Each structure stands twice: as structure tokens, then as C-alpha cells.
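Take a look at the structure below.
Throughout, a chain's letter reflects where its sequence line sits, starting with A, and its residues are numbered from 1. Quantities reported herein were computed from a predicted structural model and do not represent experimental measurements.
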Amino acid sequence: MSLNYYDLILPVVPKGTFTYTSEHDIPVGSRVKVFFGSRIEHGIVKGKADKIHPDISYKNINEVLDDKPVFPEKYLTMFNKMSNYYQTPLGIAMRGVLAKSILSSERLDVDCDISDKSILLSLSNDQHSVYASLTKIIDSGFSANLLHGITGSGKTEIYIELVKECIKKGKQVIYIVPEISLTPQIVQRLSERLGFSVPVYHSKLSPKRKQKVFWGFNSGCYPLVIGARSALFIPSDNIGLIIVDEEHESSFKQEESPSYQLRDMAVMYADILNVPVVLGSATPSVESYFNALNGKYRYLELNKRFNEKQLPEIKIIDLKTSDIIDNLLSVKLYDKIFEKIKQNEQVLLLLNKKGYSKHLICKKCGTTLQCLNCSIALTYYKKGDYAKCSYCGEIYKFFKCSECGENDFLDFGHGTEKAVEILRELFGDTVIKLDTDSVTSHKKMQSILNDFYSGKYNIMVGTQLIAKGFNFPEVTLVGVLNIDNLLSLPDFRANERAYQLLMQVAGRAGRFIKKGEVFIQTYNPEMPVFQLLNSDSEKFYMEELSRRKEHDYPPFMRMVRIIISDTKEDRAKKTMETISEKINEAKSSETKTLGPSPAPIFKIKNRYRYSFIIKTPNVSRIQVLGRIARENFEVLKKGNMQLKLDVDPYFFM
DNA sequence: CCATGAGCCTTC
DNA sequence: AAGGCTCATGGG
Ligand SMILES: [Zn+2]
Ligand SMILES: [Zn+2]
């Protein structure tokens, strides 16, 4: 028997593929076990090796795990495209997307307990015109569809109809939501409506649970899986529809390599599979809105027929000219809250900062307490009496001023913990807090929401978690305590994020019978975003798009951010300078660059960071310039210096 | 003479 | 990334 050479994708760092030999014929997409260096790794057969070097001694494939391949060819095509577009070697792409516990796991015969008859597939009687126009997309090849509709406009109902239609045609559905662990309601709702227990997939599941869902979906047994980003990467050769809910969520962008944008990957994958993808949001991303405008996506706006209630008018409170209580509440907002409590109605207050205070400032010399590993001010937590760095996670139990050694500090910049303290002094025990610090588990979250829902508390204060679409009929007032920190970020999406957050939180007020009111406190009432909150959303998108165009930002230009980081400051600087010179030499006139410059957060985890940004209208230039960066880095790198190539970046600090 | 540990090199 | 290798350092 002759020897076959196979290229394998292994979940290891150095490069894309490694070549191994086997006497057997192994189909592409099979999982194999091999010796790699001195350890054992599991990988995927990518294909027959195209070149064999005589001076490399190839190892034999140890074991083939599958009798039929787990990863379809189209899946591998998607994988290659991802690796190529995001400038990430296949190995890193693989380790970022497929759990090791899956790669090495025995294929399970999952009994998913679903009989065809028990699935509730009868379509809704509703004559909603969107149903008719949308269900046609199932089984008609690739299409990207943007569903723009506020909460309560029936978005989820449309997803359910599409899922049913797709299952009816014998195909499977992948349904992606951000932060599935925080929104178990949607799973319950889908399960009730479809008549089977819908499996959930995300990276925090136990390996056992993960394997069950993975193999259950892969075998075609589960007709639907709902999950976080990683659910998109469960392979199956029978996928008929991909849904991405809350498509505007910036958490769909993965920060670690491969730093892919899930929504964009979903569209790319659907295109490869030749199936429809549906993106839904009450406040679509500017990118998706633009794609809808230029015809790349089909645009479907859900008119507010489903609930006649209009959004309440959003009013701005200028903090510069207001009397302010405890540096937190304008007298005007205080009066409003007081009035609502007297009528036993409920209030939601948004403050986008966790902990007690944003900064600790030395009373003696005025120095801000900083993390020793990062150039970042420490957040103080009163409960537990410690300071914490939000970038490296380091906790400081005992701290003193780095300049004068004193340990007497003034807290500055309120977080939710302090806000609760102040509000309790003003309004009594009727205040409850909701942020990721108070939510340590599903159960805790559910109990906080239930307590508030049942009326045990009148005021809930929290971070953006409170904007996540929970419905509280008694909420008639929404207050935004401070949005200015979000708007002052050096980030071209700051405006968009603020708009989305404000619209989402405003949507929590007076959703039902009672009339709602929304107040936003700010020191910068003249900022354009505030003028657009009460207009038609179209106006916001058009203005934002023209601003983006004027400043050469996405979606008009592609962006790549290069970060060089190193424990030695001068080495990082020099390397970044050389690489940026090489790129500037090679770039065409339509390509624009920014930097190099020290990153806004100069030091993270003891690594000094230099940043360089490329903007180009031409997608193919990304690959070319990216390769220049990587090749030069390979030559220049010393010690533990790192290069990060972030294609379509969302993080600019 | 060997134990320890910091760089750096290789992984088909 | 991570194990392995090399070479410098240091105590007995
Ligand atoms: Zn001091
Ligand atoms: Zn830190």
C-alpha cells in the first residue's frame, strides 16, 4: 500500500498546517490523533499535502477518530476564509473556535428525545405581511436579511416562524444570541413554542454538556441549536438557516485571536452554505444598515403595528446648569423619582460603571491610584474594601499612594455600588442593583429580576445589563445617570454605541399601559447624538453615515489595527516604527494610515503597547499589508514581543 | 559536579 | 503555547 501525505489543521500556534503520513485513505474533514513534538494533539484533515519536502521527516498519523468526516468541506472553506480574512493562522483560528474537549471526544450517539410528530410546526395564523415575504427565503439559496424592529414589534415571532419553516423543509437552524447565559428566557420561549427542549451551546458549558449538544446537532438529531458565538462553529451538513439576534452587539466581536466579528462570519458562512441569514435588532449596527441601503442585505422594518405604543419622548438634563445631589442626581431627576415612588411605580437607572468609584485620589498629593501592571486607574469596591484593575484583574487589598506613601484616599467618579448607597440614603431600602458583580449566577440574576418584577423594590440601578430587554410593566421612568464617559472614548463607534444603549434603555419605559418618561443627564447636551434620539431612526443612521464618510471610517473604509506589545518599551516602539515604515512604503495612495503612536492604554499586563492603524477602501489590500506586517515582525521579534493584527477592530484603547 | 533558571528554538 | 535545549551562575 502506498503512503499518503495529509495536511492537518492542529490547534497549535506556530503555523497553519502540518503534514503527516498514513497508509490509509482518510477523507477530508476527519479528526485524527497525532504526536506533535513531545505531546499529543488532535486535529482535522484539511486535504492531501501539495508539497513534500525531502528533508522533513514526516510522522505518521496515530489514529483516525471518525469513520465518516465530522467537518464538511464547506465548513473547512469557511474556516480558511476566516483565517485569511482575519489574518490568523489556521491553528490559532481553530483553537479559538473549537473546544479541545470536542476535538478529542468520542462521537456520541445522542438521543435527543425529539420525535417529528411532537414538534409544533403549524404556522401562525397571523397575516403579518413580513411573514409572507420572509418565509420565502427558506430553501431559496443565500440571502442576508436585516430585520429592524423595536422590542415588542414581533421580531422573535418572525424568528419562530422561520425556524418552523426551515425544520419543515428538513433543515437545521443555528440561532445566535449575545450572552446566552444572561438571557435564559428566550430558550424557554422557543422550547414552548416549538414543542421540544431546545439545546443551548456556549463556551461555559461543561465538556460533557458541550459534547452532547455538539454531537446531537452534528448528527442532525437536534433541528435547532441556540447559543453564543461558538454555536456558529458546530459543524453539520444540513444547515438551512442562520439567525443572529441583537446583531448590533459589539460583544459579537471577539477580542482574542482569531478576532472575528460573529455577525460577519455568519453572513460569510451562510454565503458559503448557500442558505439565508437573518440579522435582527431594534438598533441595527451602522455597518448593517449601510449594507441594507446599498442592497447587500434585504431590509425589513417592522412597523409598530404590534404594539401601538410609541417610544416615550427622551428629555435631556444639562448637568452644567442643574443643582446636583451627591454628584449623582440632578434635582429634576430626583423630583421625578420621588414622584414615581409615591405612586408606587418603578424606576430604572443606568450607570455604566461597576464598583464604588472609578478612581481613588490621594488626599495628600492628588495622585490617582494606578495598577502596577497597567496604565489604568484602579476601580474601588467598597464591599470587600479592595481596588481592582479592570484590565488585568489584579486585586489590591492593601494599597498606598505610589508618590507619597499615604493611604488616605478620596473616591472620585461614581460606580453602581456608590449609586446604590446614595440612592438608599435618599429613598430608603427600595433600591436594588443589577450588574455583572451582583449577578454571579443565573439564579441570582433571576431572583433579582423577580424581586424587582414583583414590586419588592421601586428602583433598579445598574449597568447596561438593565437595557437587555426585560419587560417590567410598572417601570414608568428611565434615568441615565451618566453617559458622558462612553461618548468621550477615542472610538469612532462611540456615538453609535451611545445611541444604541440609550435607545435600548429608553425602550424599557412605559412599554405597557402606563405612560413612560426618559431622562438623560449629561454635561455635554450639545453633542449631536442627543438631538437625534427623538427623531426617526433613519435620520440618525444617515447623519452617522455621512460623518463616517467624511472622516474615512468604516463602512466606507476597511480598518486594520496593528498593536506591537512588549515588556521592553523601546523595543516595542522601534519594531512598530519599522513595520509602519514598511507599510507606508508599500501602500497605495487610497490607503491612509494613523500612527504609530503609544496606545491610549500604554501598558497592559506589564506590556507596553504601540498602535498603528490602516484604512483602505480595498479589501484585498488588507491581506497584502497584513502580510508585510507579519513578515517584518517575524524578522524583528525578540523575547516575548507580540504582534496583533486586528481586522475590523472594535477596541481602540 | 550537579541543580536551577532564564532565553531561545522547534514543533510536520 | 509549551516542552526541550543550552548556557551561565552558584553552592557544596
Ligand atoms: Zn499621595
Ligand atoms: Zn492591571
Side-chain angles (χ1 to χ4, degrees), chain A residues 1-65 71 76 79-80 82-83 86-104 203 207 230 233 254-260 373 392-393 563-572 574-575 604-609 629-646:
Chain A
M1 205 181 270
S2 72
L3 206 55
N4 298 307
Y5 290 82
Y6 292 105
D7 280 336
L8 308 184
I9 311 171
L10 299 178
V12 296
V13 169
K15 68 180 182 102
T17 58
F18 289 87
T19 306
Y20 282 77
T21 59
S22 175
E23 287 151 25
H24 305 284
D25 275 324
I26 311 171
V28 169
S30 305
R31 292 175 308 149
V32 293
K33 183 173 158 186
V34 295
F35 286 116
F36 178 75
S38 58
R39 57 201 151 120
I40 287 171
E41 290 288 352
H42 296 266
I44 304 172
V45 176
K46 187 182 173 233
K48 291 244 169 153
D50 22 273
K51 36 181 186 275
I52 290 130
H53 295 275
D55 43 342
I56 296 176
S57 75
Y58 295 99
K59 285 183 182 168
N60 211 268
I61 289 173
N62 217 272
E63 190 186 330
V64 182
L65 274 73
F71 298 90
L76 297 178
F79 220 73
N80 272 314
M82 172 164 88
S83 152
Y86 289 106
Q87 298 282 302
T88 309
L90 276 169
I92 296 178
M94 183 175 186
R95 76 161 43 219
V97 142
L98 286 166
K100 278 204 167 179
S101 65
I102 295 287
L103 272 173
S104 59
S203 58
S230 56
F233 301 96
Q254 175 151 309
E255 281 309 327
E256 324 79 74
S257 240
S259 44
Y260 66 93
N373 315 320
C392 70
I563 293 268
I564 299 279
S565 66
D566 195 354
T567 44
K568 299 213 168 54
E569 187 188 330
D570 51 328
R571 253 185 358 194
K574 254 191 214 117
T575 310
I604 294 181
K605 293 183 191 169
N606 285 317
R607 306 180 70 88
Y608 296 90
R609 308 164 67 244
R630 279 181 294 146
E631 283 171 1
N632 280 287
F633 180 75
E634 278 313 308
V635 179
L636 296 165
K637 85 162 177 212
K638 291 210 178 66
N640 48 12
M641 193 187 284
Q642 279 176 15
L643 165 80
K644 179 169 182 175
L645 271 178
D646 193 352

### Task
Indicate whether the side chain of A:Thr567 and that of A:Asn606 have a donor and an acceptor atom separated by less than 3.5 Å.
no
### Query
B:dC12 P sits how many Å from A:Ile9 CD1, rounded?
17 Å
### Query
Would you say the side-chain atoms of A:Asn60 and A:Ser22 include a donor-acceptor pair closer than 3.5 Å?
no
### Query
Rounded to whole angstrom units, what separation is found between the CG atom of A:Leu3 and the C1' atom of B:dC12?
13 Å
### Close side-chain approach of A:Tyr20 and A:Ile26, heavy atoms under 4.5 Å
no
### Query
Between atom OH in A:Tyr20 and atom P in B:dC12, what is the gap in whole Å?
5 Å
#### Entry: Test log, rule side-chain contact (heavy atoms from CB on, under 4.5 Å), inputs A:Thr19 and A:Lys59
CA-CA 8 Å; A:Thr19 306; A:Lys59 285 183 182 168; over 6 Å; no
### Query
Considering only heavy atoms from C-beta outward, does the side chain of A:Asp646 approach that of A:Glu255 to under 4.5 Å?
yes
### Atom-to-atom span, CZ of A:Phe18 to P of B:dT10 - whole angstrom
13 Å
### Task
Identify which nucleotide among C:dG4, C:dA2, B:dC12 has an atom closest to any side-chain atom of A:Lys15, counting heavy atoms from C-beta outward.
B:dC12
### Exceeds 12 heavy-atom contacts within 6.0 angstrom, atom NZ of A:Lys568
no
### Task
Send over the distance from A:Ile92 CD1 to C:dA2 C1', rounded to a whole Å.
14 Å
### Message
Without decimals, in angstroms, what is the distance between A:Glu634 CD and B:dC9 P?
### Response
12 Å
### Query
If you look at every strand shown and take non-hydrogen atoms under 4.0 Å, does A:Thr19 touch a base, only sugar-phosphate, or nothing?
base
### Task
May I have the distance from A:Asn60 (atom CG) to B:dC12 (atom P), rounded to whole angstrom?
13 Å
### Query
Is there a residue in residues 26-37 of chain A whose heavy atoms reach under 4.0 Å of DNA chain B, and which residues are they?
A:Phe35, A:Phe36, A:Gly37
#### Entry: Nearest-angstrom distance from the residue atom CG of A:Asn640 to C1' of B:dG7
10 Å
